[in-house]
Protein chains: 2
Amino acid sequence: MDTSQRQVQRTAAEQRRRELLEAADRVVLRDGPEASMNAIAAEAGITKPILYRHFGDKSGLYRALAKRHTDALLATLRAALDKPNDRRDRVEATLHAYLAAIEARPQVYRFLMHPAEDAADGEKGFDFGGHSAPLLRRMGEELAKVIAERLELGPDSEALARVWGHGIVGMMHAAGDWWLAERPTSRDELVRHLADLLWGRLAAAADRPGAPAL
Amino acid sequence: MDTSQRQVQRTAAEQRRRELLEAADRVVLRDGPEASMNAIAAEAGITKPILYRHFGDKSGLYRALAKRHTDALLATLRAALDKPNDRRDRVEATLHAYLAAIEARPQVYRFLMHPAEDAADGEKGFDFGGHSAPLLRRMGEELAKVIAERLELGPDSEALARVWGHGIVGMMHAAGDWWLAERPTSRDELVRHLADLLWGRLAAAADRPGAPAL
DNA sequence: AGACTCGTGTTACCGCAAGTAACCAGCAGG
DNA sequence: CCTGCTGGTTACTTGCGGTAACACGAGTCT
């Protein structure tokens, strides 16, 4: 078996892997994250063991699946962040992009945030609190990078940027999660209110007379 | 069997239930959220079926367990929020209380945020994105109430307060989760940086010269 | 040609956890 | 003595993740 053959086999394997991921995607989007390996294998027209050959175990498959979607989402977020010119507009555009994404495909969202857990501990033994939802972490780190690169934040800008990155992402996530479940207002209004929060309106607001202060 | 007997039996059942929850708590804290019903039953000195008699199914037990811890955490947060006098101090104290709690008992934290899922759909069929972690939602709603009560926010204060409530809680959660996993700085610094974010420092920061604007 | 060895696939199994059915013991009260 | 209730058990079913062992086809080496 010469090298060109190995080559073609490797790419064939990758092709196969992609197909399997497509199938897994379909069934996960249909049945939710608790889809069984049997179901996925069936959808792909094969049986369990070859799934295991390709992905090791369930969390391997889920990681691969999550990576695809996470990459895609991050790309659209980056794009949204780089279009407008005013800072407030950038922030609002990014929030909008995120919310539009989760609104358009809640199943994907649910899967990404809630990867059926058990973790399997990629490497280290402990991993407290890591709760295996890498999407939030990746978004947080990404945003932290942008903040640290582009803003003048004084001495400990490094730490500050990371805290802010994760904090803002968390804000977006929790608000989006709640909004998606209850739909209490329009997307525009939600975005405006979140941006207001980041713009310090909480700190600036007046105490309501007669009530205990905040 | 007269009514007083029924009474004593009911309280006895509740007593038993409490004991079972204690046992479940111990084993969940020891083995993590993937603790088996068998293990919990064993810890309580009994066998599975009576666990099922008391809690219906696994998620029933987990809900009961989560409620206890959630109530406790919320109580300490409320206390922290009502002690100081300056608004900034209130915010920082609350953040501190939350972070101290998750730092002190990461297992509890992990369990609350990551309830081994499967949900079982309390009532409705759909429940997208509900991801069965009621702690965040409850904290968000609670905070929203406080904000709406105490702050003068103009016409749509209702909507605004809820968005902010969930947003702030999400910020706290994501930052805390990241911090707990990586421990990049002290708790004090984290709290300060988060409060700075809420105080609008992101909006006020200067662009770094030479870099693309944000 | 025949033996070798991959890559791909299958069937059939193991172990384990959730959840349930059926049975059992003690004790009230007619 | 029988009846019924309450708290308990044993033993089962079902379903899933994961694996072992085997089978077939095609290219490769001698």
Side-chain angles (χ1 to χ4, degrees), chain A residues 1-21 23-24 27-28 30-65 115-122 132, chain B residues 1-21 23-24 27-28 30-65 111 115-121 132:
Chain A
M1 186 186 301
D2 63 33
T3 54
S4 75
Q5 289 246 359
R6 285 202 179 276
Q7 204 72 9
V8 74
Q9 280 197 347
R10 226 196 57 204
T11 67
E14 283 166 12
Q15 177 67 21
R16 197 87 186 86
R17 186 186 163 96
R18 239 173 323 223
E19 290 171 18
L20 297 186
L21 277 179
V27 53
V28 160
R30 170 160 38 84
D31 298 357
E34 54 278 337
S36 83
M37 293 298 265
N38 261 323
I40 294 174
E43 168 76 25
I46 50 172
T47 48
K48 270 193 300 177
I50 81 168
L51 264 189
Y52 282 93
R53 284 228 252 273
H54 276 275
F55 300 103
D57 63 353
K58 184 166 183 153
S59 79
L61 199 175
Y62 277 39
R63 264 196 302 274
L65 214 54
E117 88 172 81
D118 96 57
D121 288 14
S132 74
Chain B
M1 186 184 299
D2 62 34
T3 54
S4 73
Q5 289 242 1
R6 285 204 178 276
Q7 204 69 10
V8 73
Q9 279 195 349
R10 227 197 57 206
T11 68
E14 282 167 11
Q15 176 66 22
R16 198 86 186 86
R17 186 186 163 96
R18 237 167 324 206
E19 289 172 19
L20 296 186
L21 276 179
V27 51
V28 160
R30 169 160 39 82
D31 298 356
E34 54 278 335
S36 86
M37 293 297 264
N38 260 324
I40 294 173
E43 169 77 24
I46 50 172
T47 49
K48 268 194 299 176
I50 79 166
L51 264 189
Y52 281 92
R53 283 229 252 271
H54 276 275
F55 300 103
D57 64 352
K58 184 166 183 152
S59 78
L61 199 175
Y62 276 40
R63 262 195 302 274
L65 214 54
F111 167 70
E117 85 174 82
D118 94 57
D121 287 15
S132 75

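When reading the values below, keep in mind they use all heavy atoms of this one structure, side chains included, and skip hydrogens, waters and symmetry mates. Letters go in sequence order (proteins before strands), and every chain restarts at 1.
Using a cut-off of 4.0 Å between Lys/Arg side-chain N and Asp/Glu carboxylate O, Glu14(B) and Arg17(B) are scored as not salt-bridged.
When all heavy atoms of Ala41(A) and Leu51(A) are compared, the pair lying nearest together is N-CD1, 3.8 Å.
Here the C1' atom of nucleotide dG7(C) and the CZ atom of Arg17(A) are 16 Å apart, to the nearest Å. In this entry the distance linking CD1 of Ile46(A) with C1' of dG7(C) reads 13 Å, nearest Å. Between Leu51(A) atom CG and dT19(D) atom P there is a gap of 13 Å when expressed in whole angstrom units. Atom CD1 in Ile50(B) sits about 18 Å away from atom P in dA21(C), given to the nearest Å. Spacing between atom CZ of Arg53(B) and atom P of dA22(C) amounts to 14 Å, rounded to whole angstrom units. Atom CG in Leu20(A) sits roughly 10 Å away from atom P in dT8(C) (whole-Å rounding).
Phosphate proximity of dT9(D) to Thr47(B): present, with a side-chain N or O under 4.0 Å from OP1 or OP2.
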Nucleotide N/O to protein N/O under 3.5 Å, stretch nucleotides 13-17 of chain D:
residue : atom : partner  : partner atom : Å
dG17(D) : OP1  : Lys58(A) : NZ           : 2.4
dG17(D) : OP2  : Met37(A) : N            : 3.0
dG17(D) : N7   : Lys48(A) : NZ           : 3.3

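Counting heavy atoms from C-beta outward, Glu19(B) and Ile46(B) have side chains that stay 4.5 Å or more apart.
Rounded to the nearest 0.5 angstrom, Arg18(A) CZ and His54(A) NE2 are separated by 12.0 Å. Of the inter-residue distances, the one linking Arg53(B) atom CZ with Leu20(B) atom CG reads 12.0 Å to the nearest 0.5 angstrom.
In summary, the aromatic rings of Tyr62(B) and Phe111(B) are positioned with their centroids under 6.0 Å apart.
Sequence order on DNA chain C of the closest nucleotides to Pro49(A) and His54(A) puts His54(A) first from the 5' end.
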